[in-house]
2 protein chains.
Amino acid sequence: MGLSKKDEFTAKQNRLADYAKALAHPARVAIVEYLATSNACMCGDIVEVLPLSQSTVSQHLRELKNAGLIKGTIDGTSVCYCLNEEGWNEMQSMLGTFLVTMKKCC
Amino acid sequence: MGLSKKDEFTAKQNRLADYAKALAHPARVAIVEYLATSNACMCGDIVEVLPLSQSTVSQHLRELKNAGLIKGTIDGTSVCYCLNEEGWNEMQSMLGTFLVTMKKCC
DNA sequence: AACTATTATCGTAATATTACGATAAAGAAA
DNA sequence: TTTCTTTATCGTAATATTACGATAATAGTT
């Protein structure tokens with residue numbers, strides 16, 4: 001009955017699932033896209049770009065941060081968010097292994 | 001409140017989000033892992049490997065299939081599921097663009 | 001100190017996901 | 001045909017996510 005069984009999977013499986021979950025919403029994809037191409041990456045800027053309220057954007061940013069895909073450094077009264085290369089590299093390498101071991105069975 | 005705003009994002013952003021959502025659960029990561037390394041890929045086999053009921057596994061398989069990450073071909077009374085290379089390639093190339101355009105701003 | 005700007009958090013309503021048992025559907029075997 | 005095997009779907013309960021307004025927190029400005 002809806003009780004989560006995440007404990008029954010390996011840490012690695014959960015880690016990749018967490019990365020994927022962080023990208024599992026178009027708003028968070030849009031945030032990442034913006035951070036990848038922009039240098040002016042205050043949260044305020046992002047709010048202007050997205051069709052969402054400030055509190056909702058802040059929530060999405062926290063999820064990306066918790067997953068390790070972005071990091072934020074305080075800059076006076078605002079926060080400078082940018083992509084966290086380490087997280088991206090780990091996620092990409094995890095995904096890469098599937099392509100390597102992939103076999104066609106049908 | 002809580003009304004989804006996915007229409008307000010681009011088709012590409014939603015597409016990547018859908019791929020990511022398909023992998024946003026450790027059970028589905030485990031399924032993909034299994035399919036990547038195994039040749040005997042009936043659903044029944046997968047149920048034995050996972051700590052989940054048959055109906056739950058079937059639901060997860062459907063989500064992976066809808067996202068385009070796996071495909072299933074009917075084989076008599078059972079179904080042979082395997083990875084769908086096209087889907088993986090598209091997802092990987094979408095993710096790849098972030099690494100390419102990624103800039104350090106902090 | 002009082003005010004402004006920026007971001008985070010709380011409360012909460014709407015919606016979506018997760019999981020299971022029960023049951024249906026369809027082909028294989030008796 | 002009847003039975004068995006395998007997978008899908010339905011119903012439903014528990015949990016999680018999404019979104020917003022209101023409010024708090026913190027730093028800068030006047």
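First the proteins, then the strands, lettered A, B, ... as listed; each starts at 1. Keep in mind that what you see is a predicted model, and the values were worked out from it rather than measured.
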Report the residue (B:Gln54 or B:Gln59) whose heavy-atom-nearest nucleotide on DNA chain C is the more 5′ of the two.
->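 Between the two, 5'-proximity favours B:Gln59.
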Is the backbone of [Y] close enough, under 3.5 Å, to the side chain of [X] for a donor and an acceptor to pair up by distance?
X       : Y       : result
B:Asn84 : B:Gly68 : yes
A:Thr97 : A:Met94 : yes
B:Gln13 : B:Thr10 : yes
B:Trp88 : B:Leu83 : no
B:Ser78 : B:Ile74 : no
A:Asn14 : A:Lys6  : yes

Name the nucleic acid region contacted by A:Ser58, choosing base, sugar-phosphate or nothing; use a 4.0 angstrom heavy-atom cut-off, strictly under.
->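 Contact class for A:Ser58: base.
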Looking across every strand, which nucleic acid part, if any, lies under 4.0 Å from A:Leu52 by heavy atom: base, sugar-phosphate, or nothing?
->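 Contact class for A:Leu52: sugar-phosphate only.
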Donor-acceptor pairs under 3.5 Å, side chain of residues 18-28 of chain B to any protein atom, not counting sequence neighbours: which ones?
| residue | atom | partner | partner atom | Å |
| --- | --- | --- | --- | --- |
| B:Tyr19 | OH | B:Arg15 | NH2 | 3.2 |
| B:Tyr19 | OH | B:Glu90 | OE1 | 2.6 |
| B:His25 | ND1 | B:Ala27 | N | 3.0 |
| B:Arg28 | NE | B:Ala22 | O | 2.7 |
| B:Arg28 | NH1 | B:His60 | ND1 | 2.9 |
| B:Arg28 | NH1 | B:Glu63 | OE1 | 3.2 |
| B:Arg28 | NH2 | B:Lys21 | O | 3.1 |

N/O (side chain, [X]) to phosphate O (OP1/OP2, [N]) under 4.0 Å:
X       : N      : answer
B:Tyr81 : D:dT6  : no
B:Arg62 : D:dT9  : yes
A:Thr56 : D:dC20 : yes
B:Lys6  : D:dT18 : no
B:His60 : C:dA19 : yes
A:Ser53 : D:dC20 : yes

[N] [atom2] sits how many Å from [X] [atom1], rounded?
X       : N      : atom1 : atom2 : answer
A:Lys65 : C:dT7  : NZ    : P     : 12 Å
B:Glu48 : D:dT6  : CD    : P     : 9 Å
B:Asp45 : D:dT5  : CG    : P     : 16 Å
B:Glu63 : C:dA16 : CD    : P     : 13 Å
B:Lys71 : D:dT7  : NZ    : P     : 19 Å
A:Lys5  : D:dA14 : NZ    : P     : 16 Å
B:Leu61 : C:dT17 : CG    : C1'   : 16 Å

Give the C-alpha distance, both sets of side-chain angles, the deciding distance and a yes or no for side-chain hydrogen bond (donor to acceptor under 3.5 Å, both in side chains) between A:Ser55 and A:Ser58.
-> CA-CA 5 Å; A:Ser55 61; A:Ser58 181; over 6 Å; no
So do B:Tyr34 and B:Leu50 actually touch side chain to side chain, heavy atoms under 4.5 Å?
->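 Sidechains of B:Tyr34 and B:Leu50: no contact.
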Taking the side chain as every heavy atom from C-beta outward, state whether B:Lys71 and B:Tyr81 have any atom pair closer than 4.5 Å.
->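 No, every pair of side-chain atoms sits at 4.5 Å or beyond.
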Contact letters for nucleotides 24-30 of chain C, in which S counts primed atoms plus P, OP1 and OP2 and B counts the base, heavy atoms under 4.0 Å | ---SS--
Hey, can you pull the residues of residues 7-32 of chain B with a non-hydrogen atom under 4.0 angstrom from DNA chain C?
->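 Only B:Lys21, B:His25, B:Arg28 qualify.
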